[in-house]
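Since the structure comes first, as structure tokens, the remarks are kept for the end.
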Protein chains: 2
Amino acid sequence: MEGQNISDVIERYLKTILADSEHIEIRRSEIANLFDVVPSQINYVIKTRFTIQNGYLVESKRGGGGYIRIEKVNLLDDIDVLNSLIKVIGTSISERDAVSIIQTLYDENVVSRREADLMVVAIDKSTYSISDRQLEDALRANILISLLNRLRYES
Amino acid sequence: MEGQNISDVIERYLKTILADSEHIEIRRSEIANLFDVVPSQINYVIKTRFTIQNGYLVESKRGGGGYIRIEKVNLLDDIDVLNSLIKVIGTSISERDAVSIIQTLYDENVVSRREADLMVVAIDKSTYSISDRQLEDALRANILISLLNRLRYES
DNA sequence: CATTCTTTGACTAATGTTGACTAATATTAT
DNA sequence: ATAATATTAGTCAACATTAGTCAAAGAATG
């Protein structure tokens with residue numbers, strides 16, 4: 001049985017609301033109060049249960065009038081392709097390999113020509129101006145994976 | 001709902017007016033009174049929400065008959081839009097300002113929604129996993145400038 | 001019993017609000 | 001003209017109000 005811990009309860013609460021509305025906007029402390037937990041527990045729930053892999057997009061703002069917004073997004077069909085490419089990338093990738101991955105995306109009609117061009121720029125060695133090759137490849141992997149993750153869903 | 005703080009409310013108020021007129025001329029104290037805030041809050045709103053990155057030009061005059069004038073500039077009328085944006089970016093840019101620039105490009109139909117989304121990902125703080133703020137902002141400037149330069153060429 | 005998941009709270013970071021002080025410009029008095 | 005005064009806006013730092021991070025402690029699981 002799921003739901004024996006408070007994180008599961010909070011998860012269900014939020015997902016119930018999201019079943020009706022496209023998105024939900026909460027005040028962290030309010031939810032924390034509602035379930036009598038510390039505020040950072042809300043972060044834990046979001047981090048473990050509202051990931052992009054699950055089809056949720058989260059954004060937030062601090063300061064007065066701050067909020068956490070959770071949106072249910074429409075996952076696309078190319079997820080398998082993206083997953084396998086992300087696995088290939090790992091934590092480090094050369095510019096050459098990165099370009100060929102982007103080429104694959106273009107060949108598979110996942111991205112347009114122009115989108116592919118922009119992605120190539122974003123992983124280009126010369127734009128980083130980093131001399132350390134390992135750092136460069138690690139950074140490129142981070143950026144490329146983030147880009148691929150963005151392609152999982154629309155709007 | 002987004003915009004629970006008074007700064008957002010004032011921002012919306014001013015932008016609503018700017019939707020009709022090319023520019024708006026306000027008396028700082030009047031707006032401050034209207035929303036029951038201290039006058040310097042108006043400066044805060046302008047400084048954070050009506051930057052050139054957002055496509056707004058602000059000028060003011062002190063003394064009797066003083067005013068603050070906000071103008072919506074059409075960056076695309078200028079053939080050197082990209083140049084001026086690149087100049088604004090310089091060697092370092094915050095995530096907030098970078099997002100503003102990309103938003104402007106989208107508003108002005110320079111990039112599609114999807115392209116803008118990908119660009120935002122490419123300048124997102126969380127994709128870099130760098131703890132050094134200065135390095136982060138410098139890297140972001142490099143990447144954003146490269147992306148803008150790529151937009152010069154059509155494909 | 002080892003491992004993973006959950007809970008907690010101290011500390012950090014981002015954003016917004018306020019007011020005292022400063023600076024610029026215009027108006028009035030001399 | 002010049003000086004004094006009034007009338008605007010600008011700056012900056014303190015304080016307020018949110019959310020994020022991280023690691024340690026506790027609980028559950030297999």
Side-chain angles (χ1 to χ4, degrees), chain A residues 1-14 24-51 54 57-71, chain B residues 1-14 24-51 53-54 57-71 93-100 124-137 140:
Chain A
M1 278 293 199
E2 266 178 35
Q4 294 313 293
N5 62 66
I6 192 67
S7 289
D8 288 339
V9 175
I10 296 170
E11 175 192 7
R12 271 205 304 275
Y13 172 79
L14 295 175
I24 176 179
E25 214 168 281
I26 63 172
R27 180 148 306 189
R28 188 178 72 154
S29 59
E30 272 181 13
I31 304 297
N33 267 322
L34 190 56
F35 293 97
D36 197 31
V37 297
V38 296
S40 61
Q41 176 123 21
I42 308 306
N43 296 91
Y44 175 75
V45 172
I46 287 173
K47 195 178 170 190
T48 54
R49 293 153 163 87
F50 290 88
T51 64
N54 284 316
L57 210 60
V58 179
E59 44 173 67
S60 63
K61 198 165 111 177
R62 307 185 194 187
Y67 58 86
I68 299 177
R69 176 195 164 104
I70 307 175
E71 184 182 358
Chain B
M1 293 207 234
E2 203 172 314
Q4 289 311 288
N5 63 67
I6 192 68
S7 289
D8 287 340
V9 175
I10 296 170
E11 174 192 6
R12 271 203 304 273
Y13 173 78
L14 296 175
I24 176 179
E25 214 169 281
I26 64 172
R27 179 147 308 187
R28 188 177 73 154
S29 59
E30 272 181 14
I31 304 296
N33 267 321
L34 188 57
F35 293 98
D36 198 31
V37 297
V38 296
S40 62
Q41 176 124 23
I42 308 306
N43 297 89
Y44 175 74
V45 172
I46 287 173
K47 194 179 169 190
T48 54
R49 293 152 164 86
F50 291 89
T51 64
Q53 290 91 341
N54 279 311
L57 219 55
V58 178
E59 33 173 77
S60 62
K61 201 167 100 178
R62 306 186 194 188
Y67 58 85
I68 299 177
R69 176 195 162 103
I70 308 175
E71 184 182 357
I93 188 172
S94 71
E95 179 170 355
R96 179 182 194 148
D97 285 345
V99 169
S100 291
D124 192 293
K125 170 202 186 76
S126 63
T127 93
Y128 299 159
S129 63
I130 291 178
S131 54
D132 185 320
R133 178 60 161 278
Q134 287 191 319
L135 282 181
E136 179 200 316
D137 287 355
R140 178 178 298 112

Sequence neighbours excluded, the answer for salt bridge (charged side-chain N to carboxylate O under 4.0 Å, His left out) partners of A:R49 is A:D8, A:E11

CD1 of A:I70 to CD1 of A:I24, rounded to nearest 0.5 Å, is 6.0 Å

Across all chains, not counting sequence neighbours, the salt bridge (charged side-chain N to carboxylate O under 4.0 Å, His left out) partners of B:D137 are B:R133, B:R140

At a 4.0 Å cut-off to heavy atoms of chain B, the contacted part of DNA chain C spans C:dA14 to C:dA26

Separation of D:dA19 atom P from B:N5 atom CG, nearest Å, is 12 Å

Rounded to whole Å, the CD-P distance (A:Q4 to D:dA28) equals 10 Å

The residue, A:Q41 or B:Y44, whose nearest nucleotide of DNA chain C is more 5′ is A:Q41

Those residues at least two apart in sequence (or on a different chain) that pass side chain to side chain donor-acceptor pair (under 3.5 Å) with B:S60 are none

Side chain to side chain donor-acceptor pair (under 3.5 Å) filter on A:N33, not counting sequence neighbours, yields none

Those residues at least two apart in sequence (or on a different chain) that pass side chain to side chain donor-acceptor pair (under 3.5 Å) with B:D124 are B:S126

Judged by nearest nucleotide, the residue sitting upstream toward the 5' end of DNA chain C, A:T48 or A:S40, is A:T48

Worksheet entry | Touch class at under 4.0 angstrom, heavy-atom based, for A:K47 against every strand present | nothing

Contact check, residues 57-68 of chain B vs DNA chain D, heavy-atom distance under 4.0 Å, returns B:S60, B:K61, B:R62, B:G63, B:G64, B:G65, B:G66, B:Y67, B:I68

In numerical order, the residues of residues 26-36 of chain B whose heavy atoms come under 4.0 Å of DNA chain C are none

With sequence neighbours left out, the residues meeting salt bridge (charged side-chain N to carboxylate O under 4.0 Å, His left out) with B:K125 are B:E136

- [ ] Determine the contact category for B:R69: base if any of its heavy atoms lies under 4.0 Å from a base atom, sugar-phosphate if only primed atoms, P, OP1 or OP2 are that close, otherwise nothing.
- [x] nothing

*side-chain contact (heavy atoms from CB on, under 4.5 Å) between B:V37 and B:V45, worked out*: CA-CA 11 Å; B:V37 297; B:V45 172; over 6 Å; no

ring-ring contact (aromatic ring centres under 6.0 Å, His included) filter on A:Y13, not counting sequence neighbours, yields A:F35

Rounded to whole Å, CZ of B:R96 lies from P of D:dA19 at a distance of 16 Å

note: A:N43, atom CG; D:dA23, atom C1'; distance rounded to Å ~ 15 Å

Here the side-chain hydrogen bond (donor to acceptor under 3.5 Å, both in side chains) pairs for residues 38-47 of chain A, sequence neighbours left out, are A:S7-A:Q41, A:R28-A:N43

For B:R62, the side chain to side chain donor-acceptor pair (under 3.5 Å) test, sequence neighbours excluded, returns none

